[in-house]
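Predicted, not measured: the structure shown is a model, and the values here were computed from it. Atoms within each ligand, like the ligands themselves, are counted from 1 in listed order.
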Amino acid sequence: MLNAISVLALAALVNGQLYGGGPEKQFSQKIDDGYNLLKHFGHLGPHTDRQSYGISRDTPAQCEVDQVIMVHRHGERYPDASDTYPQLVEALEKLYNYSDQFTSGSLEFLNTWESFLNDEAMLEQETYSGPYNGLKTAFDRGVDYRARYGHLWDGEGVPIFTSGSQRVLDTARRFGEGFFGYNYSSKAYMNIIPETEDQGANSLTPPCFVPSNVPFSIFFAPPVLASFFDAADRLNREYPGLNLTATDVKTLMNLAPYELNTRPYTPWADVFTRDEWIAYRYTFDLAFYYFAGPGSNTSAAVGSVYSNATLALLNQGPEKAGKLHFSFAHDTNITPILYALGLLVPERPLPKDYIDWTSPYKISDIMPMGGHLVLERLACNATAKYPKGSYARAVLNEAVVPFNECQNGPGFSCPLSNYTELVGGRAQALDYVSTCDVPTDYPQHLLFFWNYNKTTDFNYQKDPIGYQANLITWDGKPFKKSK
Ligand SMILES: *[C@@H]1O[C@H](CO)[C@@H](O)[C@H](O)[C@H]1NC(C)=O
Ligand SMILES: *[C@@H]1O[C@H](CO)[C@@H](O)[C@H](O)[C@H]1NC(C)=O
Ligand SMILES: *[C@@H]1O[C@H](CO)[C@@H](O)[C@H](O)[C@H]1NC(C)=O
Ligand SMILES: *[C@@H]1O[C@H](CO)[C@@H](O)[C@H](O)[C@H]1NC(C)=O
Ligand SMILES: *[C@@H]1O[C@H](CO)[C@@H](O)[C@H](O)[C@H]1NC(C)=O
Ligand SMILES: *[C@@H]1O[C@H](CO)[C@@H](O)[C@H](O)[C@H]1NC(C)=O
Ligand SMILES: *[C@@H]1O[C@H](CO)[C@@H](O)[C@H](O)[C@H]1NC(C)=O
Ligand SMILES: *[C@@H]1O[C@H](CO)[C@@H](O)[C@H](O)[C@H]1NC(C)=O
């Protein structure tokens, strides 16, 4: 009798679920990352987490992180002064010159829209306004990492390494404030490594002194170019006499990511179609692949400077080498590191005549503004499956990216000994100094991780924005080759 009632009650409940909404699903069936326009802004748009493979970001249960090594791109910024800004000014002027005015249609908003590019002094610098701003991105990451890695801070001073560019330095400072909180002023040692060529290997921005095989025609890939022509046609038909070119279109599309770097909303996102945004994104995938990724015959060697030096940190371990390693540089300094590590290397070159939908080389997922690569050293206890020991794993924009060649550790991490063989072997074969023909009187090794200044003199800005860019180092002159 009781059972019969339960069955009836259950039936009613099931019916309620089917027809009345009922409780929420355990798992959403809606996966909309691919539609998020931020994923189609290449390297120019606000930071987004990487689309994950589903591997937990959390440390595997039997392990703890005992050393963390991060390299972080600067956060959201204003356009560069040499190319993008003058192009934007000219394209906007063309629009403003249009005599018929935009009384309706896709550019009507221009009657009230105000440019976010009014202060030339801010070009190239971190943005500071709007919900996606670069200073906030860096500070928030610091706060987040304090929660995640705070157990590694023992109260001693910690060096922070930054390349000598104002926006990179500003990012490093904000991250440090977020991570160390009130202790930033006394416990962070800001070390500025100049971006000059005479730093050789002792650099976060290592130069290469031989030409690479960059194919300069990549931007004119037919499917991509066709989309820009289509957009120009569409707008010229809507506004006869506007005379936009495909180049104008590509330029104007830049306004969407850059405006979002300073504001919560951009009307430029709606001026162009989905197809056009996807083509736009692919131009950046191509650019990074061929200029600073697997398509360049020098980039792996350049990236191996960092992969090899951090390998030494990992093998020395937290007691000897320190537990927290935070470095800051540019997008094109970090994509070579991924290649040197053997991560996200497409099986075939990125095609220029069609969009390769299956390629892992999607730069908005690899190096958006505020992009960052973290190497974690894991100290793991034995389980039935894994022996006790040290493991390494890479986390890119908050998603674990395992090594295809080595994933036999907890959470698809790689045993440190295997990682050493893999990454050390690659670095040796890549041989930065000879491949890039580094002059013998320039540093041949990265030294600053082990030879840093304990000054707090550079923790805060003293001069006006821009004045410190590319100028200073911790002792006022480049490191010289070690004897
Ligand atoms: C590993 O085992 C040791 C000894 O039992 C224990 O103190 C430590 O907390 C364990 N670590 C983790 C991450 O479980
Ligand atoms: C806009 O109009 C001015 C005045 O006619 C002209 O000098 C300028 O070249 C025009 N700009 C563009 C981008 O067409
Ligand atoms: C577009 O081109 C036509 C024909 O060359 C010219 O008369 C017109 O001024 C141009 N419009 C703009 C906005 O430059
Ligand atoms: C961190 O700063 C707080 C507030 O000034 C201070 O009380 C604390 O002693 C500092 N901790 C260390 C390790 O310096
Ligand atoms: C890369 O390719 C360029 C152009 O083919 C060539 O000049 C250069 O020597 C190559 N560099 C390396 C390191 O292979
Ligand atoms: C890891 O190293 C061990 C010991 O050298 C070796 O037997 C094993 O094949 C390596 N595994 C991988 C995935 O490289
Ligand atoms: C890689 O690091 C090792 C150990 O620190 C060092 O001996 C070796 O010279 C480095 N290789 C390169 C190419 O810098
Ligand atoms: C560290 O930097 C400070 C400030 O620039 C400088 O005065 C000092 O000489 C440096 N220390 C060393 C050991 O080079």
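Checking atom 12 (C) of ligand 6 against the protein gives a heavy-atom contact under 4.0 Å. For atom 5 (O) of ligand 1, no protein non-hydrogen atom is found at a distance below 4.0 Å.
No part of Q428 comes within 4.0 Å of ligand 7, judged by heavy-atom distances. Looking at C63 against ligand 1, only its backbone comes within 4.0 Å, counting heavy atoms.
A salt bridge links E376 to R57: at least one charged side-chain nitrogen sits closer than 4.0 Å to a carboxylate oxygen. Between E126 and K136 no salt bridge is recorded (no basic side-chain N to carboxylate O distance below 4.0 Å).
Closest to atom 8 (C) of ligand 7, if we only count protein heavy atoms, is N308 ND2, 3.7 Å.
Taking only nitrogen or oxygen atoms, main chain and side chain alike, N418 reaches within less than 3.5 Å of ligand 6.
A cation-pi arrangement is found for K250 relative to F284, the charged atom lying closer than 6.0 Å to the ring centre and inside a 45° cone about the ring normal.
Contact atoms of ligand 6 toward E405: 13 (C) (distance under 4.0 Å to a heavy atom of the residue). Short contacts between ligand 7 and A312, defined as distances under 4.0 Å to a heavy atom of the residue, involve ligand atoms 5 (O).
For the residue pair H151 and E64, no side-chain donor N or O sits within less than 3.5 Å of a side-chain acceptor on the partner.
Residue N381 holds the heavy atom nearest to atom 3 (C) of ligand 1 of all those in T383, D66, V65, N381.
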